[in-house]
Each structure stands twice: as structure tokens, then as C-alpha cells.
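Note that these values count all heavy atoms, side chains included, but never hydrogens, waters or copies made by symmetry. Here the structure is a predicted model, which is why all the values come from computation and not from measurement.
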Amino acid sequence: MTKRIGNKHEAQHRGKDERLDIRRTNIEREAVKQATARAKYRNQVKGQPPMNLSASA
């Protein structure tokens, strides 16, 4: 559970710069997640099961 200060939520006590910094890091983190997912499925054919690239021939 999140830490509380008195009756208010912790996020209400953050400064504007800190909130902007958190927002930027969240956006960057999400962009990294999306890039890895796109790279993972980049050459996949729609409707086909995923290819196992590590299988030996």
C-alpha cells in the first residue's frame, strides 16, 4: 500500500518538477516496452503461431 502523510495521499505532496520527472520516466519506460514488443513480433504473419527462432534445424 502507498505511504500516506496524515490524511492525504503522498502524490498530493509532490512538487511540479517531481511530477514532470515521474511522467517523463513513465513515458520512456513505456516506449522501451513498446519497442521490445514491436521487435519481437516485427516479422510475424498475422494469424500464424509465433515462430521459434531458437530451434535447431
Side-chain angles (χ1 to χ4, degrees):
M1 193 163 152
T2 58
K3 194 167 62 176
R4 287 174 164 263
I5 304 168
N7 268 345
K8 293 196 173 188
H9 195 271
E10 183 182 357
Q12 290 176 309
H13 294 275
R14 288 203 171 108
K16 189 174 185 179
D17 293 335
E18 190 178 357
R19 285 194 306 257
L20 281 172
D21 187 44
I22 290 170
R23 179 174 160 82
R24 280 190 204 107
T25 56
N26 287 346
I27 290 171
E28 289 171 12
R29 196 175 293 132
E30 190 63 30
V32 169
K33 281 184 190 176
Q34 287 181 357
T36 55
R38 283 192 183 112
K40 186 176 179 184
Y41 297 110
R42 182 178 53 207
N43 295 322
Q44 291 295 318
V45 178
K46 220 174 188 177
Q48 295 291 320
M51 294 187 299
N52 191 357
L53 300 176
S54 62
S56 60

Tell me every residue that passes side-chain contact (heavy atoms from CB on, under 4.5 Å) with R14, counting only those two or more places apart in sequence or in another chain.
E10, A11, E18, R19, I22
Distance (rounded to the nearest 0.5 Å) between [X] [atom1] and [Y] [atom2]:
X   : Y   : atom1 : atom2 : value
E28 : R24 : CD    : CZ    : 8.5 Å
D21 : D17 : CG    : CG    : 8.5 Å
L20 : K16 : CG    : NZ    : 7.0 Å

Hydrogens and angles aside, do N26 and R29 bring a side-chain donor and acceptor to less than 3.5 Å of each other?
yes
